Number of protein chains: 2
Amino acid sequence: METERTSIWLRPERGSRGRAPEHTRDGIAAVAVRLADSAGLDAVTMRSVAGALGGGSASLYRYVESRDELVALMVDQVNGELDYTVLQHTDWLADLLALGRQSRDVYLRHPWLTDAPAATGDLGPNAVAYLEHALGAMRDLDVDGHRKLEAVGVFNAVVRLLARNEIEQRGTDPLDRRRQLAAAAQLAQGGAHPHLAAALSAPPVEPDVDQTERLLTRVLRGLLGA
Amino acid sequence: METERTSIWLRPERGSRGRAPEHTRDGIAAVAVRLADSAGLDAVTMRSVAGALGGGSASLYRYVESRDELVALMVDQVNGELDYTVLQHTDWLADLLALGRQSRDVYLRHPWLTDAPAATGDLGPNAVAYLEHALGAMRDLDVDGHRKLEAVGVFNAVVRLLARNEIEQRGTDPLDRRRQLAAAAQLAQGGAHPHLAAALSAPPVEPDVDQTERLLTRVLRGLLGA
DNA sequence: TAGAATAGCGAACACTGATCGCAATTGAGG
DNA sequence: CCTCAATTGCGATCAGTGTTCGCTATTCTA
């Protein structure tokens with residue numbers, strides 16, 4: 001009856017009384033991230049990761065309880081690519097925007113991250129560091145704590161949304177993009193969707209850092225006031 | 001060399017010269033949605049859906065080119081549960097909040113929707129209706145069209161984020177929730193994460209319609225001004 | 001040095017999405 | 001009414017997946 005298992009973040013990385021493992025969690029996650037970077041999250045198979053490590057797939061289960069746990073490891077690993085040490089502390093918005101810019105970079109570097117399943121269970125150490133950093137930026141703000149947490153959640157959702165959008169556009173060549181937009185506009189022109197047609201008639205907005213910062217600024221101003 | 005396939009929304013539902021199919025796309029999607037509602041998206045297997053329809057799994061591929069297309073059908077189907085006919089047209093915010101409330105209901109009714117993969121390719125008819133409706137609510141707003149589209153995107157992301165949160169909490173009994181929160185607070189109390197500790201010390205915010213509307217209001221005010 | 005805990009892993013299991021080819025069914029054109 | 005081509009339903013099958021089991025080999029602790 002001891003099917004109750006503890007989170008991977010609380011489980012010790014290795015037992016103290018046996019043979020030494022050949023890999024570390026970070027090493028395994030690094031290999032998996034490399035695979036996902038170059039061939040997508042679907043290419044991260046127990047077999048492919050084990051193969052890249054030079055071992056059998058069954059061995060992976062000495063480190064990880066399931067593939068989902070492996071993905072959780074990957075997510076937290078790339079969350080460790082941000083720099084959580086620099087904080088201006090004179091302008092909370094500027095500090096948050098800097099964080100957003102870093103986060104966006106991570107998404108663009110690891111496109112699979114945008115469609116990694118939402119973290120279930122408890123957060124990894126780097127996710128906690130992310131939270132702490134964001135909250136630190138807001139420390140002088142006179143807002144309830146849990147509302148700050150809400151703000152961080154929305155903040156992250158917006159960064160991910162825009163990054164996903166950028167990645168999608170990056171994968172399509174501009175010619176097809178124009179064609180697609182034109183087709184949509186023509187479809188909307190049929191009269192059934194006048195407002196959509198109007199919206200699409202305006203010149204499109206370039207998705208880039210500036211758009212991200214502009215949107216984040218407005219969203220954060222709305223959420224946190226002033 | 002004719003591997004080029006067209007989107008399912010443009011493909012005709014049935015050929016005109018052969019035998020009549022036994023099912024409709026909507027019927028298939030409805031069965032799949034019912035399955036997902038009661039057992040999660042993973043329970044939506046080609047075999048299980050075909051079985052529920054009383055046929056073999058290979059037959060499904062006469063209606064759908066892949067499982068992803070089936071999921072796309074499901075998503076658009078539940079997007080059809082919203083009422084796109086009522087629009088006050090006196091207060092854009094109120095109209096958008098009404099849309100958000102409906103959208104939230106859909107997410108809560110179909111929990112799998114929060115982790116359905118983001119729509120790739122072009123939008124289904126109900127997604128287009130959603131867009132048109134949201135843009136209609138904003139018709140008198142003096143804002144660039146593509147910014148309105150951005151706003152709808154963020155709007156939807158926020159609704160989904162909060163719905164996901166609600167669903168997660170709904171699945172956990174309050175006792176465990178308290179315990180989890182206390183554990184996190186204690187972990188943060190270690191001194192390494194002071195701001196996180198502070199944020200968690202405040203009383204938590206109930207996730208419900210009111211929270212959703214409050215957040216949407218602030219976000220939309222920030223994005224669209226006043 | 002003995003013993004126990006741990007790591008590595010080949011082989012297997014239960015599934016999955018997807019394909020192929022064939023038989024059954026039907027509508028449209030003569 | 002008949003023909004025939006288009007289309008559907010689907011059993012069988014394939015390649016690939018996550019995961020488990022049981023064994024062997026290793027190595028730390030006592």
Side-chain angles (χ1 to χ4, degrees), chain A residues 2-3 5-6 8 11-29 31-32 35-36 39-74 112 115-117 120, chain B residues 1-6 8 11-29 31-32 35-36 39-74 112 115-117 120:
Chain A
E2 353 104 38
T3 46
R5 299 300 290 142
T6 160
I8 194 176
R11 221 181 309 148
E13 174 139 14
R14 52 162 302 189
S16 53
R17 270 195 272 292
R19 158 182 173 186
E22 295 185 353
H23 309 285
T24 61
R25 283 178 189 164
D26 277 337
I28 293 173
V31 164
L35 265 169
L41 201 54
D42 287 343
V44 177
T45 307
M46 297 310 259
R47 277 171 248 260
S48 70
V49 173
L53 287 166
S57 72
S59 309
L60 268 187
Y61 288 92
R62 294 283 169 192
Y63 299 87
V64 140
E65 228 160 38
S66 68
R67 180 181 183 271
D68 285 348
E69 260 191 13
L70 173 60
V71 174
L73 244 45
M74 295 169 62
W112 51 269
D115 42 57
T120 179
Chain B
M1 292 289 187
E2 354 103 38
T3 47
E4 184 89 11
R5 298 302 289 142
T6 159
I8 193 175
R11 223 181 307 147
E13 173 137 16
R14 52 161 302 188
S16 52
R17 267 193 276 291
R19 158 183 173 185
E22 295 185 354
H23 309 284
T24 61
R25 281 179 191 164
D26 276 337
I28 293 173
V31 163
L35 264 169
L41 201 55
D42 287 344
V44 177
T45 309
M46 297 311 259
R47 276 171 249 260
S48 69
V49 173
L53 287 167
S57 72
S59 310
L60 268 187
Y61 289 93
R62 293 283 170 194
Y63 299 87
V64 141
E65 227 161 40
S66 68
R67 181 181 183 273
D68 285 349
E69 260 192 13
L70 174 59
V71 174
L73 244 44
M74 295 169 62
W112 50 269
D115 42 57
T120 179

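The structure presented is a predicted model; accordingly, all values stated were derived computationally and were not measured. So that the names make sense, note that chain A is the first sequence line, chain B the second, and so on, each numbered from 1.
For Y63(A), the side chain to side chain contact (heavy atoms under 4.5 Å, CB included) partners two or more places apart in sequence, or in a different chain, are P21(A), E22(A), H23(A), I28(A). For D68(B), the side chain to side chain contact (heavy atoms under 4.5 Å, CB included) partners two or more places apart in sequence, or in a different chain, are S66(B). In this structure S59(B) satisfies the side chain to side chain contact (heavy atoms under 4.5 Å, CB included) test with no other residue, sequence neighbours excluded.
With dA18(C), dA11(C), dC10(D) as the candidates, the nucleotide lying closest to the side chain of A58(A) is dA11(C).
For the pair I28(B) CD1 and dT8(D) P, the computed distance is 11 Å after rounding to whole Å. The distance from atom CG of L60(A) to atom P of dA7(C) is 13 Å, rounded to the nearest whole Å. With rounding to whole Å, E65(A) atom CD is found 12 Å from dT19(D) atom C1'. dA25(D) atom P lies 15 Å from atom CD of E22(A), rounded to whole Å. Whole-Å rounding puts the Y63(A) OH to dT6(C) P distance at 14 Å. In this structure, L70(B) places its CG atom 14 Å from C1' of dA18(C), rounding to the nearest Å.
Look at Y61(B) and you won't find any side-chain N or O under 4.0 angstrom from OP1 or OP2 of dG9(D).
Shown for residues 44-56 of chain B: residues whose heavy atoms fall under 4.0 angstrom of DNA chain C, namely V44(B), T45(B), M46(B), R47(B).
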Open item on the list: Base contacts versus sugar-phosphate-only contacts with protein, heavy atoms under 4.0 Å: please encode nucleotides 22-30 of chain C as B, S and - from 5' to 3'.
Closed with: --BBSS---
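When each of S57(B) and H23(B) is assigned the nucleotide of DNA chain D bearing its nearest heavy atom, the one mapping closer to the 5' terminus is H23(B).
Classification of R11(A) and E69(A) as a salt-bridged pair holds, one side-chain N sitting under 4.0 Å from a carboxylate O.
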Run the side-chain donor-acceptor check on residues 43-50 of chain B: report pairs under 3.5 Å with partners two or more places apart or on a different chain.
unit_1: S48(B); atom_1: OG; unit_2: A43(B); atom_2: O; d: 2.8
unit_1: S48(B); atom_1: OG; unit_2: T45(B); atom_2: N; d: 2.9
unit_1: S48(B); atom_1: OG; unit_2: T45(B); atom_2: O; d: 3.0

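Residue M74(B) holds its CE atom at 8.0 Å from CZ of R67(B), rounded to the nearest 0.5 Å. The distance from the CG atom of D115(A) to the CG atom of D115(B) is 12.5 Å, given to the nearest 0.5 Å.
I8(A) has its side chain out of reach of E65(A): every pair of non-hydrogen atoms, C-beta onward, lies at least 4.5 Å apart.
The minimum heavy-atom distance linking L41(B) with A116(B) is given by the pair CD2-CA, 4.2 Å.
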